[in-house]
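Let me begin by presenting the structure, written as structure tokens, before commenting on it.
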Amino acid sequence: MPAISFQSVSKTYASARGTLQALENVSFDIEAGEFFGLLGPNGAGKTTLISILAGLVRASSGTVTVLGHDVRTDYAAARKALGIVPQELVFDPFFSVRESLRIQSGYFGVRNNGDWIDELLHSLGLADKANANMRQLSGGMKRRVLVAQALVHKPPVIVLDEPTAGVDVELRQTLWQFIARLNKAGSTVLLTTHYLEEAEALCGRIAMLKAGQVVALEKTSTLLKAASSNVLRFKIDSELPSNLADKARVTGRIVQFPAHNAQEIENYLAAVREAGLHAEDVEIRKADLEDVFLDVMQTERKEVTA
């Protein structure tokens, strides 16, 4: 039985301007114990899909189940199996951290779980903030509390929707160490993130969404092996001519070109020299998940395989 199953899920929103197809016939399963990544640009449909999973939005068609429980017809059981960390910093300003976790436990009918709450506080670096009011916490600390709230009822399926957006390196490391430990103990993890290096390091399998459709669904290692090229990377102090810029990925001073062979590398460097530019810190590297992601997003949709 899959931990999460999306079958032919579509979602259409009506507006004064017509209809918006947020999701179109999305189908894939996430097996128990997987660390699964859901990637896509803004507006691809990731949050809509997770909102349907959480029961916050109703799909226009299709079915979604959590450990066999339909999120519409068996909502209570499906929701109890989920621990969801949302993007937004949502908190009650009237309670301490420990009180918030006790109240969250009560929502799921969990009692006498003080030891687990203590473990969550310790594992997420919140032990010294246990009695602090939520209003007194920094944004990063509030994010840690959201993670603790999602895990307080020991859900077998954990959903992390951009959990490290805008947080410091320390929290990212603390969070991933703890989540990785839970995953090794058997928890299923579904992650959405714009930090593709996180997805590459953590996720065994990945689905990519584009305009509400699944455009890639594969093991992370297979996606990386299928990358069509290496990458030529260097720094320059001036702008590239348009004929080169159209082929490059430029971030500040850093320029990156896909390079299939040594001749292409030499051709790019020669073109840079002919443009009167000086390339510094030249290196060749293997394609990473960001390269694969950009390639997939720029390619027309094709059939995907589980």
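We number each residue from 1, following the sequence as shown.
The two atoms that bring L146 and V85 nearest to each other are O-CG2, 4.2 Å, heavy atoms only. Nearest heavy atom pair, residue K11 against residue A59, reads CD-CA, 4.3 Å. Annotation for L224 and D288: closest pair CD2-C, 3.6 Å, computed over non-hydrogen atoms. Nearest heavy atoms, N183 versus G33: ND2-O, 3.1 Å. Between E197 and R172, the shortest heavy-atom distance links the atoms OE2-NH2, 3.0 Å. Across all non-hydrogen atoms, the minimal contact from F36 to I206 is CZ-C, 4.2 Å.
Taken to the nearest 0.5 Å, the CD1 atom of I179 stands 8.0 Å off from the OG atom of S187. Taking NE2 from H122 and CG from D128, the interatomic distance works out to 11.5 Å, rounded to the nearest 0.5 Å. With rounding to the nearest 0.5 angstrom, the OG atom of S8 is 12.0 Å from the CG atom of L23. Rounding to the nearest 0.5 angstrom, the gap separating the NE2 atom in H69 from the CD1 atom in I4 is 13.0 Å. With rounding to the nearest 0.5 angstrom, the CG atom of L38 is 12.0 Å from the CG atom of L160. The line from OH of Y195 to CH2 of W176 is 11.0 Å long, rounded to the nearest 0.5 Å.
Judged by distance alone, the side chain of K46 and the main-chain N or O of G40 form a donor-acceptor pair under 3.5 Å. Checking side-chain atoms of H153 against main-chain N and O of G106 turns up no donor-acceptor pair under 3.5 Å. Listed for the Q177 side chain is no donor-acceptor partner under 3.5 Å among the backbone atoms of T174. Side-chain N or O atoms of S51 include none that pairs as donor or acceptor with a backbone N or O of V57 at under 3.5 Å. Side-chain N or O atoms of R79 include one that pairs as donor or acceptor with a backbone N or O of L82 at under 3.5 Å. N133 contributes a side-chain N or O that, together with a main-chain N or O of R135, makes up a donor-acceptor pair within less than 3.5 Å. With hydrogens and angles disregarded, no donor-acceptor distance shorter than 3.5 Å links the side chain of T222 to the backbone of E218.
Contact of the L289 side chain with the C203 side chain is not registered, since no non-hydrogen atoms from C-beta on lie closer than 4.5 Å. Side-chain atoms of I117 and R102, non-hydrogen and from C-beta on, do get closer than 4.5 Å to each other. Here the side chains of V152 and V110 are not in contact, with every heavy-atom distance at 4.5 Å or above. P156 places a side-chain heavy atom less than 4.5 Å from the side chain of L67. Side-chain contact check for P155 versus F108: every heavy-atom pair is 4.5 Å or farther apart. Between M134 and S100, some side-chain heavy-atom pair lies under the 4.5 Å cut-off. Residues P241 and L277 have side chains in contact (heavy-atom distance under 4.5 Å, counting atoms from C-beta outward). By the 4.5 Å heavy-atom criterion applied to side chains, E200 and L196 are not counted as neighbours.
Listed by first and then second residue, the salt bridge (charged side-chain N to carboxylate O under 4.0 Å, His left out) pairs involving residues 231-253 are R233-E283, K235-D281, D237-R253, R249-E290, R249-D291, R253-E280 (not counting sequence neighbours).
L244 and I284 fall within the same hydrophobic cluster, where Ile, Leu, Val, Met, Phe, Trp and Tyr residues are linked whenever their side-chain heavy atoms come under 4.5 Å apart, directly or through other members. With hydrophobic clusters built from ILVMFWY side chains whose heavy atoms lie under 4.5 angstrom apart, L20 shares a cluster with I50. No chain of hydrophobic side-chain contacts below 4.5 Å, direct or via other Ile, Leu, Val, Met, Phe, Trp or Tyr residues, connects V66 to Y75. L175 and V169 end up in different hydrophobic clusters when Ile, Leu, Val, Met, Phe, Trp and Tyr side chains are linked at under 4.5 Å. Tracing side-chain contacts under 4.5 Å through hydrophobic residues (I, L, V, M, F, W, Y), one never reaches L269 starting from V231; they form parts of separate clusters.
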Checklist line | L101 and L121: CA distance, side-chain angles, deciding distance, side chain to side chain contact (heavy atoms under 4.5 Å, CB included) verdict | finding: CA-CA 10 Å; L101 295 180; L121 293 172; 3.8 Å; yes
Checklist line | From CA spacing to verdict: side chain to side chain contact (heavy atoms under 4.5 Å, CB included), L240, F257 | finding: CA-CA 12 Å; L240 285 173; F257 286 104; 4.1 Å; yes
Note to self: Walk me through whether E24 and Q213 qualify under side-chain hydrogen bond (donor to acceptor under 3.5 Å, both in side chains).
What the structure shows: CA-CA 6 Å; E24 183 178 349; Q213 296 180 321; 3.2 Å; yes
Margin query: The test is side-chain hydrogen bond (donor to acceptor under 3.5 Å, both in side chains); show your working for S96 and N131 and say whether it passes.
Written below: CA-CA 5 Å; S96 70; N131 297 315; 5.0 Å; no
Item checked: side chain to side chain contact (heavy atoms under 4.5 Å, CB included) assessment of S10 paired with Q21 -> CA-CA 8 Å; S10 295; Q21 186 83 44; 3.9 Å; yes
Checklist line | Steps toward side chain to side chain contact (heavy atoms under 4.5 Å, CB included) verdict (V64, S5) | finding: CA-CA 6 Å; V64 181; S5 180; over 6 Å; no
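Summarising the local packing, OH of Y13 is surrounded by more than 12 heavy atoms from other residues, nucleotides or ligands at distances under 6.0 Å. Residue N112 places its CG atom among 12 or fewer non-hydrogen atoms of other residues, nucleotides or ligands, all under 6.0 Å distant. Atom NZ of K129 sits in a sparse spot, with 12 or fewer heavy atoms from other residues, nucleotides or ligands closer than 6.0 Å.
Here S61 pairs with nothing under the side-chain hydrogen bond (donor to acceptor under 3.5 Å, both in side chains) rule; sequence neighbours left out. In this structure, the side-chain hydrogen bond (donor to acceptor under 3.5 Å, both in side chains) partners of H194, at least two apart in sequence or on a different chain, are N42, E162. Evaluation of the side-chain hydrogen bond (donor to acceptor under 3.5 Å, both in side chains) rule for E34 yields R205 as partners, not counting sequence neighbours. In this structure D70 satisfies the side-chain hydrogen bond (donor to acceptor under 3.5 Å, both in side chains) test with no other residue, sequence neighbours excluded. Qualifying salt bridge (charged side-chain N to carboxylate O under 4.0 Å, His left out) partners for D74, counting only residues two or more places apart in sequence or in other chains: none.
Using modelled atom types and a 3.5 Å distance limit, the side chains of R143 and S138 yield no donor-acceptor pair.
Cation-pi geometry between R273 and Y268 is not met at under 6.0 angstrom from the ring centre and within 45 degrees of the axis.
The residue from I84, D161, V159 that alone fulfils the side-chain contact (heavy atoms from CB on, under 4.5 Å) condition with L190 is V159. Each of L53, L49, T63 was compared with V9 under the side-chain contact (heavy atoms from CB on, under 4.5 Å) criterion, and only L49 meets it.
Aromatic ring orientation, F28 versus F6: tilted (interplanar angle from 30° to 60°).
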